[in-house]
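Here the structure comes first, spelled out in structure tokens, and everything after it is commentary.
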Amino acid sequence: MELLDTLNKEQRDAVTHIDGPLLILAGAGSGKTRVITYRIAYMVQEKNISPKEILAITFTNKAAGEMRERLEGLVGYRSKYMACGTFHSIFARILRKHLDPNFAIIDSDDQEKLVKQAMKDVNAPTDKIKPSMAKSMISNAKNHMVEPNQFCMSFGRDFISQHVEKIYARYNEILKANNAMDFDDILVNTVKLFEQRHDVLEFYQEQYKYIMVDEYQDTNMPQYRAVMLLASRYRNICVVGDDDQSIYAFRGANVQLILDFEKDFPDCCVVKLEENYRSTGNILKAANSIIANNSHRTSKALRTSGGDGDKIILMNADSGIGEARYVVDTINMLVKKGKCKYSDIAILYRVNAMSRNIDKALHNSGIPFRVYGGMRFFDRKEIKDVLAYLRLINDDGDNLAFERIINVPRRGIGDTTLEKIRLIGTQEGMSLFEVARNCDMYPDLSRSASKLAEFTELILRMREMLLSDTMNFAEFVDYVENESGIIEECIEERTKKGEIVDRVENLKELLSEAADFEKAHRTEAPEETSSEEGGDAAADLFDIGSADTTDGILKLYLDNAALYTEGDNFDDNDDFVRLMTVHSAKGLEFKAVFLIGVEEGIFPGYRSIASEADLEEERRLMYVAVTRAKRYLFIVVAQQRMLYGQTQCNKPSRFVSEIDKDLLYAMGLSRAQPAASQIDASRMSANTAISETLADKYKKSSVFRANAAKKENKVGLRADQIKKGMKVVHDRFGEGVVLSVEPTGGDALVSVDFDGMRKNLLANSAGLKPLGL
DNA sequence: GTGAACACTATTTTT
DNA sequence: TAGTGTTCAC
């Protein structure tokens, strides 16, 4: 096979190892994507494996799309038969097929709203617990597959947990009442489905005899369990990842899972891809020396056969303004000398707020640029409002949609009326829309009856228009935008406030999205639906189907809208400089990278310096940042900068001092000693008071105390120290015997018998102590 | 029910 | 700084 000739030995090993478990540790820039796609091509072409038996799982839609595209180039039409998609999209389709075809998927924004609602319902102390905090605790519980009634048992019985337990239970009730799932539910419910329905699990085990998971270091518990279940029959599982690039622990990703893969499959084959084809020697050495400071990782080191290249430039700017000026000047120089195009250049930062100065400076200089990240397209208010209209038109039982738009645009229906409608709805077992539709029947609603009637008639009129099938999908969305008054409101807002973000533009963009979607999924001739029994399962899981009516297109669109978060196109070829956070730069590469704000308190962030684990994640983030650069790397620190409306004065990041001095060329202020704190003492002490305010605040916060308390509690046994049959003591439950230990990546679910009472506990947080101590 | 004035707070965010 | 949430007078 000639494909193999272009690969190095390790890559070839990975590509040709098809049967049995395989772990590919793919360092940054080691040709990972090529290995994955070639491997699939090898399976299909050389091993005659049917593409229908291959399941490839990624984390983003973009990655899935790219994989499919590259595969099409390699194996042609056969790539179409392969199931390739994100965890969420694949699992959602499985759930729709076997559990409920109609559940709604809510995004994290709606999730927070429902948590807020739940907090109200259970009278949670809103001054002590913030909705966002409750939300992340609930999400964390789901990520550990802990049910509401096990919450305190698993995470402790402190004040906050006791309330969150109730909030969690109520939140799940609300979801159920709305037939909705959040992102975590999609994963958890899939695991449950596999565990409870053996026939279903068996079906998919047989269907997908070959499984691949990309970015395995980013998997969380439910994802891991689902994959293990699927792979347990044929054991042809290949996971690809890099523990050094795990930067999503804060979202539930568990590095331990990739570190433990060899324990899960003792007979697995491990291939390390350490040859880097991306960066110069100096950049790689810097990356290696930074990441070497992490203790919790598999040992590997990137190497290159290329030359050292230029030194890394460390610029010490006087201020945030100076930093921006330096970046602008250097970009101009690079482009003028013909070393780079604008599109070769990226400016990376730890926090979005850091883009401000640079944004301004680039704007004034006339350098073309684009800022990525921040508010995503489908998260924008006006877009979500239009989608809510579409949802309500499609299904008037969608209470969440109703609540969102009942007063958008303003039509004089406020909280009081809505509360009354809710009450009647619960009493009569009717949807909010139905109550509004029949508002004449309820004296409580008499005051706003005319307004409610107007609204429900608007929705019904729109539905009639939809069903008449006289408009194509984009036309219909346009009609809804206009008829609802959303466009009008946005135009008014724009003229009134001169808004920076152009909402009207976004609404237009939605129309072109709609048109694209329709083009891809409209069939002219009426056809039988693809979800018929015995349909092609492989195709089912990635092909969202098609329809021949506008109504049908709308349904497909809504089914997928929550999981489809494209809108920002990273891969357009226009010539501009890219600005983004280090997180969003993962997986990308640039000829020249400016890494700005590499200062203590920012990178690593002030909230990360308290714990070793958080600090290691920051360091991995730094590693990711450095390895984005192919040829030129500029690290910029400022002695003083304005952030969050306050002037702060930070020391250069410890990560800078972890780079061998020989690799750096320091310039700007205090060029002699780059990483050390060269700032004169008086100025330092005068300014630290200011710069430490956020950090101080954080140290006083309940979150910090909770974290600290948790660390204190670690006096108990760790997951790996607990064994079946062991006698243990629990603070509340007393003495018990360990019945079983189920490892769950870094932690373990331990079942303990406390004198006849059986409890499931999370090992690391339960604080179990060996008996006799 | 609305909107203006005020208070608060601020990593990262694949789905 | 800036964006969002809350409060209160109309």
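Everything quoted here is computed from the prediction, not taken from an experiment. The chains referred to below are lettered A, B, ... by the order of the sequence lines, with proteins before strands, and numbering in each begins at 1. Below, all heavy atoms of this structure are taken into account, side chains as well, without hydrogens, waters or symmetry copies.
- Distances from the side chain of A/T60 to the nucleotides B/dT15, B/dT11, C/dT6 place B/dT15 closest.
- Contact annotation for A/K130: backbone-only contact, meaning every heavy-atom pair under 4.0 Å involves sugar-phosphate atoms and none involves a base.
- Between the side chain of A/R356 and the base of C/dT1 there is no donor-acceptor pair of N/O atoms closer than 3.5 Å.
- An anti orientation is assigned to B/dT12, its glycosidic angle lying beyond 90° of 0.
- For B/dT11, one of the phosphate oxygens OP1 or OP2 lies less than 4.0 angstrom from a side-chain nitrogen or oxygen of A/Y644.
- Residues forming a side-chain hydrogen bond (donor to acceptor under 3.5 Å, both in side chains) with A/K192 (at least two apart in sequence, or on another chain): A/E147.
- Taking atom CD of residue A/Q646 and atom P of nucleotide B/dC8, one finds them 15 Å apart after rounding to whole Å.
- If you take CD1 of A/I413 and P of B/dT2, they are 9 Å apart, rounded to a whole angstrom.
- The listed nucleotides are B/dT12, B/dT2, B/dT15; the one nearest the side chain of A/R410 is B/dT2.
- Taking the centre of each ring, A/Y204 and A/H98 come in below the 6.0 Å mark.
- Within the 4.0 angstrom heavy-atom criterion, no nucleotide atom of any strand lies near A/E215.
- Here C/dA2 presents its C1' atom at 17 Å from CE of A/M354, a figure rounded to the nearest Å.
- For the OP1/OP2 pair of B/dT13 and a distance below 4.0 Å, the side-chain nitrogens and oxygens of A/T581 include at least one atom meeting the criterion.
- Ring centers of A/H583 and A/Y248: under 6.0 Å apart, within the cut-off.
- Residue-level contact check: A/G414 touches the backbone only, with heavy atoms under 4.0 Å from sugar-phosphate atoms and none from bases.
- As rounded to whole Å, 13 Å separates atom P of B/dT13 from atom NZ of A/K135.
- Note on A/G605: nothing from the nucleic acid sits closer than 4.0 angstrom, heavy atoms only.
- Using a 4.0 Å heavy-atom criterion, one finds that A/D184 contacts no nucleic acid atom at all.
- Taking 4.0 angstrom as the limit, A/S584 places a side-chain polar atom (N or O) nearer than this to OP1 or OP2 of B/dT13.
- If you measure from atom CG of A/D415 to atom C1' of C/dT7, you get 13 Å, rounded to the nearest angstrom.
- Ring stacking holds between A/F250 and B/dT12, with the centres under 5.5 Å apart and the planes within 30 degrees of each other.
- Between A/G412 and A/L621, the residue anchored nearer the 5' end of DNA chain B, judged by the nucleotide with its closest heavy atom, is A/G412.
- Across all strands, A/N352 comes closer than 4.0 Å only to sugar-phosphate atoms, never to a base (heavy-atom distances).
- Residue A/E618 has its side chain nearest to B/dT11 when only B/dT11, B/dT15, B/dT13 are considered.
- Note: CD (A/Q111) to C1' (B/dT15) measures 11 Å, nearest angstrom.
- Using a distance-only test at 3.5 Å, with no hydrogens or angles considered, no donor-acceptor pair links the side chain of A/D218 to the main chain of A/A253.
- Across all strands shown, A/Y248 has heavy atoms under 4.0 Å from base atoms, whether or not it also approaches the sugar-phosphate.
- Listed by chain and number, the residues in a salt bridge (charged side-chain N to carboxylate O under 4.0 Å, His left out) with A/R628 amount to none (sequence neighbours excluded).
- Using a 4.0 Å heavy-atom distance criterion, A/T416 is classed as a sugar-phosphate-only contact.
- Here the P atom of nucleotide B/dT15 and the CZ atom of A/F103 are 16 Å apart, to the nearest Å.
- A/F655 and A/F603 have perpendicular rings, their planes meeting at more than 60° on a 0 to 90° scale where under 30° would count as parallel.
- Within the 4.0 Å cut-off from OP1 or OP2 of B/dT13, not a single side-chain nitrogen or oxygen of A/S108 is found.
- When the C1' atom of B/dT13 is taken as reference, atom CZ of A/R607 falls 14 Å away, rounded to whole Å.
- For A/N61, the listed nucleotide lying nearest its side chain is B/dT15; candidates were C/dG5, B/dT11, B/dT15.
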